[in-house]
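In what follows, a single structure is set out as structure tokens and then discussed.
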Amino acid sequence: MKNINRNLIRKSFCALGTYNTIQTFYPIKEQILDEAINTVLRIHNRMSAFNSESEIGKINKFAGIKSINVSKNTFRVLRSAKKFSKITDGAFDVTICPLTELWKIGRGENTVPTSSEIEKALSLSDYRGLILNEENQSAFLKKAGQKIDLGGIAKGYAADEVKRILIQGGVKNALINLGGNIIALGENFDHKFWTVGIQNPLAPTGEFLGTLSVSNKTIVTSGSNERFFIKDGIRYHHIIDPRTGAPAQSGILSVTLVGNNSMEADALSTAAFVLGLEKGIELIQKYGYEAIFALENQQLYVTNGLRDQFQVCS
Ligand code: AMP
Ligand code: MG
């Protein structure tokens, strides 16, 4: 154990509305980790919908008025967010913000909006209103009141960026965890695959459904346990079904994707949660991902490709 402590380096920081950690081993130049953390902070500053001066904040502020030039990174995420909105037929919707702002899940208010409030927000949430101009890297929302929310995809992008920086800096083994968007690089200290716990969505943090043994993979979870309130026995959580304007009632409690690209997995896990088990499996397998679905009926569904790697907790 002593040995492990001496060689392990673990950095934690808050960004993207969540708690993040990067673990790796010496020898490593500490500036590589600083660069990775600064990159995540920069992504946060550019892509937060809460800050009206961020790039996304400005696109939202000038909806229906004018287009806004954005950085390469933000454009890349917007392009991908729009692509997944289209591919999922709007189950993932990059313009979900009027609805997420209305529900304010996880911000302590715990009130259910009226149906007319939902109707109004629904009329603004439509990804087809996001116009991207590749030539000058600008973005424009067609209707006044439309707003972008990258909460379902930005953590994945940030995790991919951390991975890129670590690899460029010569790091071969690391565990990156940006609020549940995980990338396991190489091996752990014992030269074995990393073991990643999959949270039981109905239990306190740290109680797992099972563990995954992984190397060079991303593991991304969308769960109704991450931010929610309970009123009159109903769990109102933070993943909104853009068809109803309310928290998705798809029979899923959490869905965990395993694959290669964290940004892609992030968008797909949010979409799979909205679509439910059957359509969710079809979607994620089409893009080469494996998954663990925890269902409301207490069943676990694990895709074939994970059967050897996933160990259920007894
Ligand atoms: P995740 O944990 O990746 O599933 O992301 C959930 C977050 O994505 C929420 O907190 C919202 O910010 C945003 N979101 C909620 N519903 C949707 C949706 N249907 N499409 C896109 N983003 C969403
Ligand atoms: Mg997501």
Side-chain angles (χ1 to χ4, degrees), residues 16-20 44 47-51 54 56-57 60 77-78 80-107 118 121-122 124-130 146-160 177-183 198-199 201 218-229 236-250 252-259 261-276 279-280 283-284 287 289 291 293-294:
L16 302 168
T18 187
Y19 183 74
N20 311 290
H44 171 93
M47 302 189 200
S48 168
F50 294 113
N51 172 3
S54 74
I56 296 302
N60 292 347
V77 179
L78 283 172
S80 187
K82 183 159 181 190
K83 173 181 137 190
F84 282 104
S85 300
K86 207 167 166 187
I87 282 167
T88 62
D89 206 13
F92 179 91
D93 192 320
V94 57
T95 62
I96 198 79
C97 198
L99 284 160
T100 47
E101 276 191 350
L102 178 66
W103 281 90
K104 298 187 187 76
I105 306 279
R107 282 186 256 154
I118 292 176
L122 263 178
L124 294 167
S125 294
D126 180 355
Y127 68 91
R128 288 165 297 191
L130 171 63
Q146 280 202 299
K147 283 183 171 185
I148 292 163
D149 173 353
L150 295 179
I153 190 168
K155 287 202 291 277
Y157 176 70
D160 286 332
N177 185 349
L178 306 187
N181 269 75
I182 293 169
I183 296 180
I198 306 302
Q199 175 65 35
T218 187
I219 304 105
V220 176
T221 300
S222 286
S224 59
N225 54 307
E226 283 160 18
R227 279 189 279 140
F228 68 96
F229 66 86
Y236 294 99
H237 59 81
H238 70 137
I239 301 169
I240 307 293
D241 186 335
R243 296 163 297 191
T244 63
Q249 304 291 333
S250 59
I252 294 176
L253 287 173
S254 74
V255 51
T256 298
L257 261 56
V258 181
N261 181 292
S262 205
M263 172 165 69
E264 206 170 90
D266 197 358
L268 289 173
S269 70
T270 307
F273 191 108
V274 170
L275 291 171
K279 286 191 177 154
L283 173 72
I284 62 116
Y287 290 90
Y289 288 84
F293 290 83

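First listed ligand is number 1; within each ligand, the first listed atom is number 1. Values below: every heavy atom of this structure, side chains too, minus hydrogens, waters and symmetry copies.
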For the Mg ion (ligand 2), what is the closest N, O or S atom on D266? OD1
D149 neighbourhood, listing ligand 1 atoms whose heavy-atom distance to it stays under 4.0 Å: 11 (C), 12 (O), 13 (C)
Below 3.5 Å, N or O to N or O, backbone or side chain included: is there any such pair between V94 and ligand 1? no
Is it the side chain, the backbone, both or neither of R227 that has a heavy atom closer than 4.0 Å to ligand 1? side chain
Which option out of D241, I105, T270 puts a heavy atom nearest to atom 1 (P) of ligand 1? T270
Counting heavy atoms under 4.0 Å, the part of I96 that contacts ligand 1 is side chain
Restricting to ring pair (Phe, Tyr, Trp, His ring centres under 6.0 Å), what partner residues turn up for F228, sequence neighbours left out? none
What do you reckon, does I239 have a nitrogen or oxygen under 3.5 Å from a nitrogen or oxygen of ligand 1? no
In terms of atom number and element, which parts of ligand 1 are under 4.0 angstrom from non-hydrogen atoms of G151? 5 (O), 7 (C), 8 (O), 12 (O)
Is the shortest N/O to N/O distance between S222 and ligand 1 below 3.5 Å? yes
Ligand 1 and K155, any nitrogen or oxygen pair closer than 3.5 angstrom? no
Ligand 1 atoms nearer than 4.0 angstrom to some heavy atom of A91 are 18 (C), 19 (N), 20 (N)
Using a 3.5 Å cut-off on N or O atoms only, is D266 in polar contact with ligand 1? yes
To atom 15 (C) of ligand 1, the nearest of H238, H237, E226, R243 on a heavy-atom basis is H238
Gap between atom CD of Q199 and atom OG1 of T256 - 0.5 Å precision: 10.0 Å
Where ligand 1 meets P242 - atom numbers and elements under 4.0 angstrom, heavy-atom basis: 19 (N)
